[in-house]
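Encoded as structure tokens, the structure appears first; notes follow it.
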Amino acid sequence: MRGRILEGDERAVRTTFLGHELQSPVIVGSSPASFGADAMIRCHEAGAGAVVCKTINRRAAENPDLHMVLAGKETLINCEKWTDFPMERWLSAEMPQAVAAGVTCIASVGHSVEDSRLCVERLEDIGVVAIELVSYADDTVLPMLEDTKRRVDIPVIVKLSPNSADLMGHARRCVDAGADALTACDSIGPAMRIDIETGKPLMGGADGCGWLTGAAIFPFTVARIAALRQVLPDVPIIGLGGITSWQDGIEFVMAGADMMGVASAAIIHGPVFIARMNARVDAWCAEHGVRELEEMRGRVLEHLPVEQDRGYEMGFDYAACRHCNQCVTACAYRARSFDEVGYAVVDKALCRRCGLCVSVCGFGALAVERGAVR
Ligand SMILES: Cc1cc2nc3c(=O)[nH]c(=O)nc-3n(C[C@H](O)[C@H](O)[C@H](O)COP(=O)(O)O)c2cc1C
Ligand code: SF4
Ligand code: SF4
């Protein structure tokens, strides 16, 4: 399905974030998808609720050749630095142009107080709705945050690094120091891929490494968002890291995110991904009677801790089964088989109740009902 931009009154779900009504819950993360005004405008026109610009620093970055590679299904490794535009270009041209075009702009600023103090007030004057601070080390964010809070009245978001040794503690310290929202999370790494014909790393940086984003990091981000939501129940969170489908966005919200951040998928598929995702999220919300994402935010927490009831019943839907044998193959314990009429059989003496057979069935033919009597 190609994406179509939903007009305001066509939308089932209403999105408000940090006091702004947004055209959708999808926020484009700082990346090549937001490398300058033109890119930001394309994302906005595709229906992005807000767009975080490529990180502004007092120096323009110089990137090595080969700094972005597809490293798996919908997964990237990159060793791209911050923006390759000079700070002044953002302040006098790119950001004013994006704001004038109606983009809800969030300015990403890194990576030290020496950088942020040079630009945050001007970014506020230009009309960005928030500043997102990002750094390579936890201890450089706090001085940046404290200084930026003194300089601007607009909300200040801190982007968390999943590589932090104490992510929860750091998140708490940022909130105590005045962070109005958190972005969870940045890329994971370092990561490396090797060309097996040459033995060379695929990344062109000196250490051959880069940062992992996209599908591969999605479950990790879901867990981080749920953990953050447990310790910080009221802090607005932009979920970011691994979304490659509209369902992923819903999952982020159920983990506890307020907004659905996307970078790699918007790079790989272009801005149409945003339009497609918005349309499908909105349709799902309409079907489920959801008017505000808040209604389902953090739903997973109602189910944590997961009940440790070991009783279960294996369900089998004969009509749905295609007899592909995948469930039999994936059972390392040889507990699964089919009887002579093609009905699934589980040898309960061998079965370890791991659940893998159910999740590898691509046809929805298997189910496990937790808590049911064996
Ligand atoms: C090529 C590339 C460049 C990026 N550059 C930045 C950046 O300049 N600043 C920043 O805060 N995050 C940057 N990111 C990280 C993204 O904002 C995001 O946190 C990360 O990609 C995880 O989201 P995703 O899985 O949806 O891509 C970059 C990501 C990619 C793929
Ligand atoms: S994986 Fe699903 S469809 Fe395939 S044989 Fe098993 S139950 Fe049937
Ligand atoms: S739950 Fe695990 S052990 Fe039991 S049949 Fe399925 S794959 Fe085999």
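This is a predicted model, so every value here is computed, not measured. FYI, the numbering just counts along the sequence from 1. Order of appearance sets the numbers: ligands from 1, and atoms from 1 within every ligand.
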Margin query: For atom 28 (C) of ligand 1, what is the closest protein heavy atom, and at what distance to 0.1 Å?
Written below: Ser30 O, 3.4 Å
Check: Is atom CD of Glu294 surrounded by more than 12 heavy atoms (other residues, nucleotides or ligands) closer than 6.0 Å?
Finding: no
Notebook entry, point to check: Would one find an N, O or S atom of Cys321, in either backbone or side chain, under 2.8 Å from atom 8 (Fe) of ligand 2?
Noted result: yes
Checklist line | Location of contacts on Asn325 toward ligand 2, heavy atoms closer than 4.0 Å | finding: backbone
Item checked: Geometric cation-pi criterion, Arg276 with Phe273: 6.0 Å, 45° -> no
Check: With a 4.0 Å cut-off on heavy atoms, is Met314 touching ligand 3?
Finding: yes
Check: How far is atom 26 (O) of ligand 1 from its nearest protein heavy atom, and which residue and atom name does that atom have?
Finding: Ala263 N, 2.9 Å
Item checked: Tyr333: numbered ligand 3 atoms lying under 4.0 Å from its heavy atoms -> 3 (S)
Check: Among protein heavy atoms, which sits nearest to atom 4 (Fe) of ligand 2, and what does the distance come to when rounded to 0.1 Å?
Finding: Cys324 SG, 2.3 Å
Next item on the list: Report yes if Gly242 has an N/O atom closer than 3.5 Å to an N/O atom of ligand 1; otherwise report no.
Entry: yes
Check: Considering distance alone, does some N or O of Thr83 sit under 3.5 Å from an N or O of ligand 1?
Finding: no
Next item on the list: For atom 19 (O) of ligand 1, find the nearest protein heavy atom and state the residue, atom name and distance (0.1 Å precision).
Entry: Lys159 NZ, 2.9 Å
Check: Going by distance alone, is a donor N or O of one side chain under 3.5 Å from an acceptor N or O of the other, for Ser164 and Asp138?
Finding: yes
Item checked: contact_flag Ala215 ligand 1 heavy-atom lt 4.0 Å -> no
Checklist line | Test of proximity, Ile243 against ligand 1: N or O pairs below 3.5 Å | finding: no
Item checked: Residue part near ligand 1, for Thr55, under 4.0 Å between non-hydrogen atoms -> both
Note to self: Within ligand 1, which atoms have a heavy atom of Asn78 less than 4.0 Å away?
What the structure shows: 1 (C), 2 (C), 3 (C), 29 (C), 30 (C), 31 (C)
Notebook entry, point to check: How about Cys351: does one of its N, O or S atoms come closer than 2.8 Å to atom 6 (Fe) of ligand 3?
Noted result: no
Item checked: Non-hydrogen atoms of Ala71 and Ile77 that approach each other most closely -> CB-CG1, 3.5 Å
Check: Heavy atom of His67 under 4.0 Å from ligand 1?
Finding: no
Item checked: Distance filter under 4.0 Å to Arg336 heavy atoms, resulting ligand 3 atoms -> 5 (S)
Next item on the list: Among all protein heavy atoms, pick out the one at the shortest distance from atom 20 (C) of ligand 1; state its residue, atom name and that distance to 0.1 Å.
Entry: Thr213 CG2, 3.6 Å
Item checked: Which residue and heavy atom of the protein sit nearest atom 18 (C) of ligand 1, plus the separation -> Leu240 CD2, 3.6 Å
Next item on the list: List the closest protein heavy-atom neighbour of atom 6 (Fe) of ligand 2: residue, atom name, distance to the nearest 0.1 Å.
Entry: Cys327 SG, 2.3 Å
Next item on the list: Work out whether the distance between some heavy atom of Ala330 and some atom of ligand 3 is less than 4.0 Å.
Entry: no
Notebook entry, point to check: Is ligand 1 under 4.0 Å from a heavy atom in the side chain of Ala265, in the backbone, in both, or in neither?
Noted result: neither
Item checked: Under 4.0 Å to a heavy atom of Gly355 - the qualifying atoms of ligand 3, by number -> 1 (S), 2 (Fe)
Next item on the list: Please write down residue, atom name and distance for the protein heavy atom closest to atom 22 (C) of ligand 1.
Entry: Gly241 CA, 3.6 Å
Checklist line | Asp186: which of Leu240, Leu160, Val134, Thr221 passes side-chain contact (heavy atoms from CB on, under 4.5 Å) | finding: Val134
Next item on the list: State whether the shortest distance between N or O atoms of Lys54 and N or O atoms of ligand 1 falls below 3.5 angstrom.
Entry: yes
Margin query: Quick check on atom 2 (Fe) of ligand 2: does Cys361 put an N/O/S atom closer than 2.8 Å to it?
Written below: yes
Next item on the list: Could you tell me the residue and atom name of the protein heavy atom closest to atom 7 (S) of ligand 2, and the distance to it rounded to 0.1 Å?
Entry: Leu366 CG, 3.6 Å
